[in-house]
2 protein chains.
Amino acid sequence: MNEIVFDHKECGSCPIRHRSVCARCEADELEELDAIKYYRSYEAGQPIVWSGDRMDFVASVVTGVASLSQAMEDGRTQMVGLLLPSDFLGRPGRDVAPYDVVAVSNLTLCCFRRKPFEQMMIRTPHIAQRLLEMTLDELDAAREWMLILGRKTAREKIASLMAIIARREASLALTTAGDGMDFELPLTREAMADYLGLTLETVSRQISALKRDGVITLEGKRRVIIPDFDRLQIETGDDNDGGLMV
Amino acid sequence: MNEIVFDHKECGSCPIRHRSVCARCEADELEELDAIKYYRSYEAGQPIVWSGDRMDFVASVVTGVASLSQAMEDGRTQMVGLLLPSDFLGRPGRDVAPYDVVAVSNLTLCCFRRKPFEQMMIRTPHIAQRLLEMTLDELDAAREWMLILGRKTAREKIASLMAIIARREASLALTTAGDGMDFELPLTREAMADYLGLTLETVSRQISALKRDGVITLEGKRRVIIPDFDRLQIETGDDNDGGLMV
DNA sequence: CGCAATTCTTGATCTGGGTCAAGGCACCCG
DNA sequence: CGGGTGCCTTGACCCAGATCAAGAATTGCG
């Protein structure tokens, strides 16, 4: 591994998001990526692109959280994607944004100019393959989310969201402790409501209920402690022998 | 175009589902596909694969309708994918089915053995590219669906479903008549409920309401006539100046 | 043709979560 | 230090859609 590879990994900017796979990039590919990349920062609440805008870049989330949402005529909105660090934003081959993208917390993106990125993708098949794999993962997440939206009660929705975030945090931190997890909620109550198809009042009430019942503990309003992950898992209502644990 | 290409188009079996793109397949690729393909038929209601099953094929829907659904512990289910003729089933690189797949109506699949199909995909980049494009389309559809599940009223949900099916039918039939469409509903009331996160009683009531209000007309229980597509579009509640019309 | 078995419709009632409203709490800034 | 200004919590009430229940229409099959 040379210096470039190291820097590449550090900044979390690789379109091939799993660090272990980065090793497959050759030095000149990495130089090429470096040549077309630049960083952008956004403050919490700031819009990044609006649905219908032309997008001349694709990007990778370095720090912070962004959301994709869809709006209806009358202002109702539904979050349809949540981007955490290492997630990918934008799609090669499509130059118009199909959703509103908003910085949920303070956010740093590592952007790549789209055209050269696409050309590079055509030349290096393993990037294209990795992109397909990532898209399939997103599709799986979207479908899990559809079950949450369509069939779960408010309490199950909150439990599911907590479980999803806890799992994501755990996989980043490499702490595979079965229970006794804790994390900082990266979302306001309103954003959670938007994610889950609820109102912010219902979110607040159900979080209080889960706290009262000892499923979670709160430290302040944002720090969550999960004393027993299996208990939380039961509260989600999911069929948890059914194989994959995305 | 030689005979093989023609047959290939006719059976709707091309993994590159748009017929116009088929022209990019070379004769020997088509022969190769023919060598690994076989047909299977299912009756309405019959299961095709269960979540967790090993899948040794990918397939293309020739006729009929199939659904992907997810189940919860207690039996609640949510449909997360609807496959109409020319849609693709299965994913290269994943050998365990993540969802239950069921034949909603009588169904014919054109199957390809998975391993040789994957190898072929690696060798022919335009198939891989097309597959990425199809997956991105599925992701867009899933996200539109999330808005439906999370934020729409029962009436808007039914209107949205009618609009989606009408659009699909129209694109297949090449009848781009702005209004005056009609089609056969390929779903039972129960399947529609499962799609929309409703109960079948609510589906029935809302269909009756749309009929009473002249938004749709029914001929029997399954044949739907849309006298004015724009009117239906308004009933969906969608922001219809927002660009793309997938 | 007639008698199930599905599939669909409609009615009556109940309830989870939405809506409206009133504070509480933490942090910033003058 | 005092009064904003966001965020969050809690209460009271209401309604869209679920649930329970009873038939009607359509389909299929002996």
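Below, read A as the first sequence line, B as the second, and so on, with proteins coming before strands; counting in each chain starts at 1. Just so it is clear, the model here is predicted, and its values are computed rather than measured.
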Who are the side chain to side chain donor-acceptor pair (under 3.5 Å) partners of A:E184, not counting sequence neighbours?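 Partners of A:E184 under the side chain to side chain donor-acceptor pair (under 3.5 Å) test: A:R223.
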
What residues form a side chain to side chain donor-acceptor pair (under 3.5 Å) with B:S204, not counting sequence neighbours?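 Checked B:S204 against side chain to side chain donor-acceptor pair (under 3.5 Å); zero matches.
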
So with a 6.0 Å cut-off around CD of A:Q46, is the heavy-atom count from everything else above 12?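 Counting neighbours around CD of A:Q46, more than 12 heavy atoms of other residues, nucleotides or ligands fall under 6.0 Å, so yes.
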
With a sphere of 6.0 Å drawn around CZ of B:R222, does it hold more than 12 non-hydrogen atoms of other residues, nucleotides or ligands?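 For B:R222, atom CZ is crowded (more than 12 foreign heavy atoms under 6.0 Å).
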
Scan for ring pair (Phe, Tyr, Trp, His ring centres under 6.0 Å) pairs involving residues 182-226 of chain A, sequence neighbours excluded, and state none if there are none.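 Ring pair (Phe, Tyr, Trp, His ring centres under 6.0 Å) check on residues 182-226 of chain A returns A:W145-A:Y195.
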
Report yes if some heavy atom in the side chain of [X] is under 4.5 Å from a heavy atom in the side chain of [Y]; otherwise report no.
X: B:L68; Y: A:R143; result: yes
X: A:V215; Y: A:M162; result: no
X: A:L185; Y: A:M192; result: yes

Between atom OG1 of B:T77 and atom CG of B:D194, what is the distance when rounded to the nearest 0.5 Å?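 Going from OG1 on B:T77 over to CG on B:D194, the span is 3.5 Å.
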
Which protein N or O atoms sit under 3.5 Å from an N or O of nucleotides 26-30 of chain D?
none

Scan the side chains in residues 99-114 of chain B for donor-acceptor partners under 3.5 Å anywhere in the protein, sequence neighbours excluded, and list what turns up.
from   : atom 1 : to     : atom 2 : distance (Å)
B:Y99  : OH     : A:D140 : OD1    : 2.7
B:D100 : OD1    : B:S51  : N      : 2.8
B:S105 : OG     : B:V65  : N      : 3.0
B:N106 : OD1    : B:A44  : N      : 2.9
B:T108 : OG1    : B:T63  : OG1    : 3.2
B:R114 : NE     : B:M55  : O      : 3.0
B:R114 : NH1    : B:E118 : OE2    : 2.4

If you take any heavy atom closer than 4.0 Å to DNA chain D, which residues from residues 193-209 of chain A end up in contact?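 Listed by number, they are A:L200, A:E201, A:S204, A:R205, A:S208.
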
Stretch residues 153-163 of chain B: residues that reach within less than 4.0 Å of DNA chain D through a heavy atom: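 DNA chain D contact set from residues 153-163 of chain B: B:T153, B:A154.
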
For B:I164 and B:E144, what are the C-alpha separation, side-chain angles and deciding distance, and is it a side chain to side chain contact (heavy atoms under 4.5 Å, CB included)? CA-CA 10 Å; B:I164 286 171; B:E144 184 186 345; 4.0 Å; yes

Mind grabbing the angle between the end helix axes of the helix from C:dC1-D:dG30 to C:dG30-D:dC1? Five pairs an end, 10° rounding.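 Comparing the first five pairs with the last five, the axes sit 30° apart.
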
Pick the nucleotide of DNA chain D nearest each of A:K211 and A:R151; which residue has the one closer to the 5' end?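 The answer here is A:K211.
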
How would you list all residue pairs meeting salt bridge (Lys or Arg N to Asp or Glu O under 4.0 Å) that involve residues 54-63 of chain B, not counting sequence neighbours?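 Every pair satisfying salt bridge (Lys or Arg N to Asp or Glu O under 4.0 Å) with a residue in residues 54-63 of chain B: B:R54-B:D95.
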
Pairs flagged by salt bridge (Lys or Arg N to Asp or Glu O under 4.0 Å) wherever residues 196-213 of chain B is involved - sequence neighbours left out: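 Residue pairs passing salt bridge (Lys or Arg N to Asp or Glu O under 4.0 Å), neighbours aside: B:R155-B:D213.
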
How many Å lie between CG on A:L149 and P on D:dG17, as a whole number?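 To the nearest whole Å, that distance equals 15 Å.
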
Starting at atom CZ of A:R189, determine the distance to atom P of D:dT10, rounded to an integer number of angstrom.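 For the pair A:R189 CZ and D:dT10 P, the rounded distance is 10 Å.
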
Take B:V61 and B:L84 through the side chain to side chain contact (heavy atoms under 4.5 Å, CB included) test and state the conclusion after the steps. CA-CA 7 Å; B:V61 176; B:L84 302 181; over 6 Å; no

Would you please name every residue forming a side chain to side chain contact (heavy atoms under 4.5 Å, CB included) with B:E156, sequence neighbours left out?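 Result, side chain to side chain contact (heavy atoms under 4.5 Å, CB included) vs B:E156: A:M72, A:R76, B:K152, B:T153.
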
Earliest and latest nucleotide of DNA chain C, 5' to 3', sitting under 4.0 Å from a non-hydrogen atom of chain B?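 Here the contact window of chain B covers C:dC8 to C:dA12.
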
